[in-house]
Every structure is written in structure tokens, then in C-alpha cells.
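Just below is one structure, and these are the notes that go with it.
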Amino acid sequence: MTQEVRQVGPGAGGLPPAVQALAQADFSGVAQLFANAGFTVALPAPGMLQVVKPRADAGRASVAVSVGVHGDETGPIEVLAHLLDALSRDASKLAVDLLVCVGNVDAIRAGKRFIDADLNRMFRPVRGSLAQAAESARADEMITATTAFFEAAGPVRWHLDLHTAIRPSVYPTFAIVPDLVADDAKAQLIAWLGQAAIGAIIMNPQSAGTYSYYSAEHFGAAASTVELGRVGTLGQNDLSLFDDVSRALDGLLRGLPAQPVKVQPHVFKVAQEIIKHSDEFRMAFDRSTQNFTSLPQHAVIASDGDHVYTVQHAEELVVFPNPDVRVGLRAGLMVVRTS
């Protein structure tokens, strides 16, 4: 899906100024407001804002929030823009140290998902054929800023990487949580996801090179990739669909008491990863297949030359099926429900 990032002001169908600024990775306005309120503010790289309270106590949480890791996933950009704008005008209420990252700035400006390759597969020590992609250099910038932020942080660390999905889904909102997140932090994260009305949680045992898994693995952050509906054109998203996650995120940043759980998420674990090993890779279902579509035992999932992926359990559900990924990357997950 291709979008146009309109370089216009409010009115006549234009973007609200806060959304336009965030989409263009311009933090100058909110940065000044936080600085005026006594915070230490830094812009460690284009599209990144760090706001830290000087001489904060060790118990102060450090929260990273990222959007736009895929340039066509615009809903979270709008949500965060409005939330950050409002919070900066009431800056003393920021109760956490904060890192905001607008991921693939160039792709957002171009109205594309990515420039050369998927940025959310770049957070790995060996990138192989992806090493020369434009997104490789951007991932290095993000890793450097994230490392500096969390290495100076106390023990309470969060990273919420907000996305929207390409395909429709049985669960319109869902999250992927690295299984290696410590138990107490994981419980708090799952409770927050329930407050945000996230319908399903996938516990992921291994990295596919994603930003949130990197934060969990290297910095012990309670991290999650949070899928919030479908991709949409910047400025044309129905923001009422994001009300629950917006309220939950605002409460987290302001240190408000936890709200009642809106939804008790169903929990899944990864049964198998579907890796594309060659250009012969073919999936056994079409592009209309929804995330969390159920397949019975022994059903064919995909073929890749002589290798055939089949369902191993009585039931497995397919998530993120994408036969168009590069060879060597994950083309889908198969999950089973645990609760």
C-alpha cells in the first residue's frame, strides 16, 4: 500500500500540525516544552527524542515507544503525535524517562513500507544480504540510541513498538511478547496489554530480528510488538479505534494507577516458524487469509522445493503469512493457544 505524506497544514483535509511534525521526524516543538519543564532533552538521531528527569530516583521507569518501523503503518504515528503533543503541554506530568523513536523516517516520507528492506528484520548481529540496505544504517542509529537510553536506566524498563498489520485478523489487535522477558515484568506487561484491550498475545521464543525482541534480549526490557489493526493512509485513520491503547499508553507515561483490564487476552505460543529458504517457496493459501486462521493437523502450510511445512498439532493458527519476504527470512508463524 502506498501513501502520500502531505506537506500541508491544518484545514482543507491537511494533517494536524502535531501529526505532520511527528511524521516528518520533527521534535523541535515538544522537545522545547519538555526542556522548559526542567527535563534533560536530547535528539540522539533523526526521528528520536529522549526526555530524562535529572537526578531521578532509581525506581523511575524508562519507557521506549516506537512507531513507523514500517512506513505504511500510520495509525500509531497519529496516536503518538496527539498523545505526545498533549503531554508536552502538561510536561510536569511525565512520570517516566522516555525515548520516542520514529523508525523508518525515509519510508514514511516516501509513503512506502520500506526503502530497500524490512527494517524490523535488521536488529540482529548478522544481516547477510540485508547489510547494504538503507534500513541497515537506520537500524544502527536506533540500536545506538536505544543502548544509550537503557544503559543509563534503572531496573524498570519498557519498550512498546506500535504497528498495524497488512492483513485482516481474527483478533484485530494482538501483541508479540518475547518469552525471555522476566516473569514479573512479563506479568505487568500482559496486564497493561489487557488494559489496552489487546485481544491476543503470542509468546515468542526466538528473535526474527525485530526491534522489540532486541530490547528484551539485550536490555531486559518488558518489550512487545503491538499490532493495532490495519495499515491506513496518514491522516485518514479512524483514531477512535485506537482509544483503548491511547488511554493505556497515556496512563503509563503519566504514572497513573492501573485501570481495569478491558480484555483478557488469549495467550498463544509459537509452534513453528515458516522460513523461506528459496524462490520456490509457495504458501498453501491465498492473500485473503486472515491472521489467526485455524488449520487442522497435517494440513499443508507451505512448500519450499522438496520441503513441505505441515501442521503438527491438532490445531495451529497462522500469523503474518507473507510469501514475498526475502529468502532466509520468516514467512509466517504457526501458533497454538495456551490460555
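Keep in mind that the numbers below use all heavy atoms, side chains included, and drop hydrogens, waters and symmetry copies.
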Quick one: name the residues clustered hydrophobically with Val318, using the 4.5 Å side-chain heavy-atom rule over I, L, V, M, F, W, Y, and just say none if it's on its own. Ile274, Ile275, Phe281, Met283, Phe285, Leu295, Ile301, Tyr309, Val311, Met334

Please collect all side-chain hydrogen bond (donor to acceptor under 3.5 Å, both in side chains) contacts where either partner lies in residues 317-336, sequence neighbours excluded, each pair once. Arg287-Asp324

Side-chain heavy atoms under 4.5 angstrom apart, residues restricted to Ile, Leu, Val, Met, Phe, Trp, Tyr: same cluster for Leu98 and Val226? yes

Could you go through residues 242-252 and list every donor-acceptor pair under 3.5 Å that involves a side-chain atom there, pairing it with any protein atom two or more places apart or in another chain?
from, atom 1, to, atom 2, distance (Å)
Asp244, OD1, Arg247, NH2, 2.9
Asp244, OD1, Lys262, NZ, 3.0
Asp250, OD1, Arg254, NE, 2.9
Asp250, OD2, Arg254, NE, 3.1

Give the minimum heavy-atom separation between Leu22 and Ala81, together with the two atoms involved. CD2-N, 3.5 Å

Smallest heavy-atom separation, Gly154 atom then Ser62 atom, equals N-OG, 4.2 Å

For residues 292-301, which residue pairs qualify under side-chain hydrogen bond (donor to acceptor under 3.5 Å, both in side chains), counting only residues two or more places apart or in two chains? Ser294-Glu315

With sequence neighbours excluded, tell me which residues meet ring-ring contact (aromatic ring centres under 6.0 Å, His included) with His218. Tyr214

Quick one: does any side-chain atom of Glu78 pair with a main-chain N or O of Gly235 as donor and acceptor, under 3.5 Å? yes

Distance check, rounded to the nearest 0.5 Å: Met203 atom CE versus Ser224 atom OG? 8.5 Å

Would a distance-only check, ignoring hydrogens and angles, find a side-chain to backbone donor-acceptor pair under 3.5 Å from Asp238 to Ser240? yes

Is there a path of hydrophobic side-chain contacts, each under 4.5 Å between heavy atoms of I/L/V/M/F/W/Y residues, joining Ile115 to Val231? no

Grab the two heavy atoms, one from Ser66 and one from Asp161, that are nearest each other, plus how far apart they are. OG-OD1, 2.6 Å

Side chains of Phe219 and Thr147: closer than 4.5 Å at any heavy-atom pair? yes

With ILVMFWY side chains joined below 4.5 Å, transitively, what does Val319's cluster contain besides itself? Val170, Tyr171, Phe174, Ile176, Ile202, Phe268, Val270, Phe292, Leu317, Phe320, Leu333, Val335

So which heavy atom on Gly229 is nearest to which on Thr173, and how close? N-CG2, 4.3 Å

Find out if a path of hydrophobic residues (ILVMFWY) with successive side-chain heavy-atom gaps under 4.5 Å connects Met48 to Leu162. no

Heavy-atom distance under 4.5 Å between the side chains of Met142 and Leu119, does that happen here? yes

Give the table of side-chain donor-acceptor pairs shorter than 3.5 Å for residues 29-45, with sequence neighbours excluded, one pair per line with atom names and distance.
from, atom 1, to, atom 2, distance (Å)
Gln32, NE2, Asn36, OD1, 2.8
Asn36, ND2, Gln32, O, 3.3

How far apart are the C-alpha atoms of Tyr211 and Thr225, what are their side-chain angles, what is the distance that settles it, and do they pass the side chain to side chain contact (heavy atoms under 4.5 Å, CB included) test? CA-CA 8 Å; Tyr211 188 20; Thr225 301; over 6 Å; no

Report yes or no: does Glu73 contribute a side-chain atom to a donor-acceptor pair with the main-chain N or O of Thr164 at less than 3.5 Å? yes

Is there side-chain contact between Leu160 and Leu189, with heavy atoms separated by less than 4.5 Å? yes

So, do Thr210 and Asn204 sit near enough that their side-chain heavy atoms are less than 4.5 Å apart? no

I need the minimum non-hydrogen distance between Ser215 and Thr146, along with the two atoms involved. OG-CG2, 3.9 Å

Between Lys276 and Pro323, is there a side-chain heavy-atom distance shorter than 4.5 Å? no

With sequence neighbours excluded, give me every side-chain hydrogen bond (donor to acceptor under 3.5 Å, both in side chains) pair touching residues 184-194. Asp179-Lys186

How many angstroms lie between atom CG of Leu234 and atom CG of Leu15, to the nearest 0.5 angstrom? 5.0 Å

Would you say Lys112's side chain and Gly71's backbone share a donor-acceptor pair under 3.5 angstrom? no

Tell me the salt bridge (charged side-chain N to carboxylate O under 4.0 Å, His left out) pairs involving residues 55-66, sequence neighbours left out? Arg60-Asp97

Residues which pass ring-ring contact (aromatic ring centres under 6.0 Å, His included) with Phe149, listed by chain and number, not counting sequence neighbours: none

Nearest 0.5 Å, what's the CD-CZ distance between Glu217 and Arg124? 11.5 Å

With Arg121, which residues qualify under salt bridge (Lys or Arg N to Asp or Glu O under 4.0 Å), at least two apart? none

Do Val63 and Phe150 sit in the same hydrophobic cluster, where Ile, Leu, Val, Met, Phe, Trp and Tyr count as joined when their side-chain heavy atoms come under 4.5 Å apart? no

Quick test of your reading: applying ring pair (Phe, Tyr, Trp, His ring centres under 6.0 Å), list the pairs with at least one residue in residues 43-95, sequence neighbours left out, ordered by first then second residue. His70-His163

Measure the spacing between CZ of Arg89 and CG of Leu84 and express it to the nearest 0.5 Å. 10.5 Å

Flag the pair Arg138 and Glu141 as a salt bridge only when some basic side-chain nitrogen lies within less than 4.0 angstrom of an acidic carboxylate oxygen. yes

Roughly how far apart are Gln24 CD and Ile77 CD1, rounded to 0.5 Å? 11.5 Å

Can you hop from Leu180 to Ile201 via hydrophobic side chains spaced under 4.5 Å? no

Are the side chain of Glu316 and the backbone of Gln312 linked by a donor-acceptor contact shorter than 3.5 Å? yes

Could you pull out the closest heavy-atom pair between Gly199 and Val263, with the gap in Å? CA-CG1, 4.1 Å

Supply the atom-to-atom distance Ile166 CD1 to Arg113 CZ, rounded to the nearest 0.5 angstrom. 3.5 Å

Side chain to side chain contact (heavy atoms under 4.5 Å, CB included) with Leu80: which of Val102, Val100, Val19? Val100

